[in-house]
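One structure is given here, and the rest of the page talks about it.
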Amino acid sequence: MVSFKTLFATLAAVIGANAAAGSLQQVTGSFGANPNNVGFYYYKPSKVAANPPLIVAIHYCTGSAQAYFSGTQYATLADTYGFIVIYPDSPRSGKCFDVNTPQTLSHNGGGDSQGIASMVTYAISTWGVNANRVYVTGTSSGAMMTNVMAGSYPNLFQAASAYSGVPFACFAGSSDWNSACANGDVSMTPAQWGDLVRAAYPGYSGPRPRMMLWHGTADTTLYYPNLQQEINEWTNVLGQSTTPTTTTQNDPQSGYTHTSYGCVVQAYSAAGVGHTVPVHESIDLQWFGITSGGPSCVTGGTTPTTTTGIGGTTTTPKTTTTTAGGGTQAQYGQCGGSLTVAAD
């Protein structure tokens, strides 16, 4: 068997290193159930807002908490808006997250997901984080883990933003690599996908996080058809049609197509973009409600110095179609390519 390392190029943060005023910190003591010993790193700005929001930002394979801290702008934006960021760190040699085991794919079942959930509850109880303003995002393996957290712990998160991932439970199985899913060959009905999510937390009837999904059409690691399967899954879970209610071309930039499904599911298709789609932090903050400018289902937010709107700053004129009533590798674990950060 060919090793993952011989097949996988390192996913490195090459653009947009943050300019955070402080440094990454680590919780080394006990913070709750953490059966796989996922590392707990965090960034707290010098001026933390009262009852601050929390973003959980999850790295890609071959990455680390430090790499995602350094290669994204969440910490820099935390200095401005006073929220806290948690950066989980994979405990495996290949630095991929557990997105396939029955433990991680179930509520309080164990796996990496339970360790990350414990970080969230620790932040709420210890740092005074507002339990109603907790969000999760990630890239590649981190995007897959974002889907896992939204499915296994819907009670903890209000919104998610996943960059180049796959649906919840798409990688389910004994191996940490699933070629059929990665190649975009796993196709289910929305109800079948939705049932997998609902089975992760039997009996749960509370609110579930709204979902924002990003994928490049030229992705040859986690292939582009996975975007439609994610849309199928989360529209079913959140009670929406798979037919877009709006379709906006060149949003947030040239070559991107933004589709919405009601308000609670948003998708961005990036033409010609491979693995992975650049991180758009300012759009994430609007989607999370930390800053203003988000869609109608998002409340709260502090108006930033420059507001770009949920679609971000556009260099090519947008064309929006609204449909009434519903509308218009390498395999070292779960990721590859280059992490880039968008200039929102």
Side-chain angles (χ1 to χ4, degrees), residues 99-100 104-106 113 136-154 157 159-173 178-202 204 207-248 256-271 273 275-277 287 295 297 321-323 325-328 334:
V99 299
N100 60 289
T104 205
L105 294 172
S106 60
S113 66
V136 60
T137 186
T139 294
S140 193
S141 181
M144 298 161 75
M145 200 68 209
T146 295
N147 277 269
V148 169
M149 297 310 299
S152 294
Y153 295 90
F157 300 98
S161 182
Y163 290 91
S164 305
V166 302
F168 175 92
C170 191
F171 258 50
N178 185 314
S179 293
C181 178
N183 293 340
D185 294 333
V186 175
S187 178
M188 299 188 196
T189 67
Q192 288 171 326
W193 281 122
D195 286 346
L196 290 173
V197 173
R198 288 181 284 271
Y201 193 172
Y204 180 74
R208 293 181 182 269
R210 56 189 183 271
M211 298 295 296
M212 178 174 282
L213 309 164
W214 306 75
H215 221 106
T217 64
D219 194 325
T220 56
T221 301
L222 301 175
Y223 280 71
Y224 180 66
N226 280 299
L227 176 61
Q228 185 59 54
Q229 298 305 308
E230 286 180 294
I231 291 168
N232 290 350
E233 180 168 71
W234 293 109
T235 52
N236 181 266
V237 169
L238 295 171
Q240 304 298 315
S241 169
T242 56
T243 303
T245 49
T246 64
T247 299
T248 308
Y256 281 54
T257 300
H258 174 198
T259 50
S260 63
Y261 305 82
C263 182
V264 292
V265 179
Q266 308 281 329
Y268 289 91
S269 172
V273 175
H275 196 78
T276 60
V277 174
W287 178 238
C297 55
T321 302
T322 303
T323 305
T328 61
Q334 304 127 11

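Note that the coordinates shown come from a computational prediction; the quantities given were computed from them, not determined experimentally. When reading the values below, keep in mind they use all heavy atoms of this one structure, side chains included, and skip hydrogens, waters and symmetry mates.
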Among residues at least two apart in sequence or on other chains, which ones pass side-chain hydrogen bond (donor to acceptor under 3.5 Å, both in side chains) with Thr235?
none
Specify the closest pair of heavy atoms between Pro167 and Trp193, including all atoms of both residues, with the distance to one decimal.
CB-CZ3, 3.7 Å
Identify the two heavy atoms, one from Ala172 and one from Asn178, that lie closest to each other, and give their separation to 0.1 Å.
O-ND2, 3.8 Å
My understanding is that only residues two or more places apart in sequence, or in another chain, count here; which of them pass side-chain hydrogen bond (donor to acceptor under 3.5 Å, both in side chains) with Thr217?
none
Do you know which two heavy atoms are closest between Thr146 and Gly138, and how far apart they sit?
OG1-N, 3.2 Å
Go through it in stages, so that I can follow the logic: the residues are Ser152 and Thr104, the test is side-chain contact (heavy atoms from CB on, under 4.5 Å), and I'd like the CA-CA distance, side-chain angles, deciding distance and then a yes or no.
CA-CA 8 Å; Ser152 294; Thr104 205; 6.0 Å; no
Hits for salt bridge (charged side-chain N to carboxylate O under 4.0 Å, His left out) against Arg208, two or more places apart or cross-chain, chain-then-number order -> none
Looking at every non-hydrogen atom in both residues, tell me the closest pair between Trp287 and Cys263 and how far apart they are.
CH2-O, 3.4 Å
Any side-chain heavy-atom pair of Ser164 and Leu222 under 4.5 Å:
no
List in chain and number order the residues that pass salt bridge (charged side-chain N to carboxylate O under 4.0 Å, His left out) with Asp195, two or more places apart in sequence or in another chain; answer none if no residue qualifies.
Arg198
If the condition is side-chain contact (heavy atoms from CB on, under 4.5 Å), which residues does Ala143 pass it with, not counting sequence neighbours?
Ala162
Closest heavy-atom contact between Cys297 and Arg210?
SG-CD, 4.1 Å
Checking Thr221 against Ser140 for the side-chain contact (heavy atoms from CB on, under 4.5 Å) test, could you report, in this order, the C-alpha distance in whole Å, the side-chain angles of both residues, the deciding distance, and whether it holds?
CA-CA 9 Å; Thr221 301; Ser140 193; 5.6 Å; no
Listed partners of Ser187 passing side-chain contact (heavy atoms from CB on, under 4.5 Å), at least two apart
Gln229
For Tyr256 and Val277, run side-chain contact (heavy atoms from CB on, under 4.5 Å): C-alpha distance rounded to whole Å, both residues' side-chain angles, the deciding distance at 0.1 Å, then the answer.
CA-CA 10 Å; Tyr256 281 54; Val277 174; 3.8 Å; yes
Those residues that, when tested against Gln228, pass side-chain hydrogen bond (donor to acceptor under 3.5 Å, both in side chains) (two or more places apart)
Asn232
Listed partners of Ala191 passing side-chain contact (heavy atoms from CB on, under 4.5 Å), at least two apart:
Thr189, Asn236
Measuring from atom CD of Gln266 to atom OG of Ser161, what distance do you get when rounded to the nearest 0.5 angstrom?
10.5 Å
So ring-ring contact (aromatic ring centres under 6.0 Å, His included) across residues 207-231, not counting sequence neighbours, yields Tyr163-Trp214, Trp214-Tyr268, Trp214-His280
Keeping the roles fixed (side chain from Ser269, backbone from Thr257), state whether a donor-acceptor pair exists under 3.5 Å.
no
Tell me, which pairs form a salt bridge (Lys or Arg N to Asp or Glu O under 4.0 Å) where one or both residues lie in residues 223-238, sequence neighbours left out?
none
Using side-chain contact (heavy atoms from CB on, under 4.5 Å) as the criterion, list what pairs up with Ala150, not counting sequence neighbours.
Pro209, Met211, Trp234
Minimum heavy-atom distance Leu105-Phe168, with the two atoms named
O-CZ, 3.5 Å
If you round to the nearest 0.5 Å, how far is OG1 of Thr259 from CD1 of Ile231?
5.0 Å
Could you tell me whether the side chain of Phe171 reaches within less than 4.5 Å of the side chain of Val148, counting heavy atoms only?
no
Less than 4.5 Å apart, any side-chain heavy atom of Leu213 and any of Leu227?
yes
Do side-chain atoms of Ser260 reach the backbone of Thr245 as a donor and acceptor pair under 3.5 angstrom?
no
